Amino acid sequence: MRRKLDDTLGRLLLTVAGVLHRGIASKQAVKGWKLRRNEVLRAAHRRGVPVEVLASRLGLTQSWVRYVIKNPKKAAIEEAA
């Protein structure tokens, strides 16, 4: 009985791992996460968080953060490439 349960749980975990891999590691998913990150970054900046703090917390350069804030569409295209 125990072996059957382990086998079933193992297959379930394998399925979950596959879904997570496709959902998180795919190029489209990464692009979506970066777009959301940039939206939140701009919102934080609009509410007074300085560029220096945003860059240091996210591990990005200050020039890239400024670029994302000023040119959101161009930044999205460049990151997608």
Side-chain angles (χ1 to χ4, degrees):
M1 182 70 172
R2 176 91 173 148
R3 185 173 173 96
K4 185 176 180 180
L5 180 62
D6 285 344
D7 187 46
T8 304
L9 287 175
R11 290 182 183 274
L12 178 64
L13 289 172
L14 178 61
T15 303
V16 170
V19 169
L20 288 174
H21 177 72
R22 286 188 300 276
I24 294 172
S26 70
K27 288 182 182 180
Q28 190 64 28
V30 170
K31 181 180 173 184
W33 281 109
K34 286 182 179 179
L35 289 173
R36 282 187 220 97
R37 178 202 65 196
N38 292 346
E39 289 172 9
V40 172
L41 190 144
R42 286 190 296 278
H45 186 261
R46 282 193 302 268
R47 285 165 179 73
V49 179
V51 170
E52 295 79 18
V53 174
L54 291 169
S56 67
R57 292 277 175 93
L58 294 173
L60 302 170
T61 63
Q62 291 180 17
S63 61
W64 180 254
V65 171
R66 286 188 187 95
Y67 187 71
V68 168
I69 291 169
K70 291 180 182 177
N71 303 311
K73 291 181 181 176
K74 287 183 181 179
I77 291 170
E78 283 188 24
E79 279 189 323

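Quick caveat, the model's predicted, so the values are computed rather than measured. Every heavy atom of this structure was used, including side-chain atoms; hydrogens, water molecules and symmetry mates were not.
With values rounded to the nearest 0.5 angstrom, T8 atom OG1 is found 11.0 Å from L13 atom CG. Atom CZ in R66 sits 12.5 Å away from atom CG in L60 (nearest 0.5 Å). The distance from the CD1 atom of I69 to the NE2 atom of H45 is 4.0 Å, given to the nearest 0.5 Å.
V40 and L58 sit in two unconnected hydrophobic clusters of ILVMFWY residues. Membership requires side-chain heavy atoms under 4.5 Å apart, directly or through other members. Transitive grouping of hydrophobic side chains (ILVMFWY, heavy atoms separated by less than 4.5 Å) brings V53 and V68 into a common cluster. Residues V49 and Y67 are members of one and the same hydrophobic cluster, defined by side-chain heavy-atom contacts under 4.5 angstrom among Ile, Leu, Val, Met, Phe, Trp and Tyr.
What you find for L54 and L41 is that their closest heavy atoms are CD1-O, 4.0 Å.
For R36, the CZ atom counts as densely surrounded, since its 6.0 Å shell holds more than 12 non-hydrogen atoms of other residues, nucleotides or ligands.
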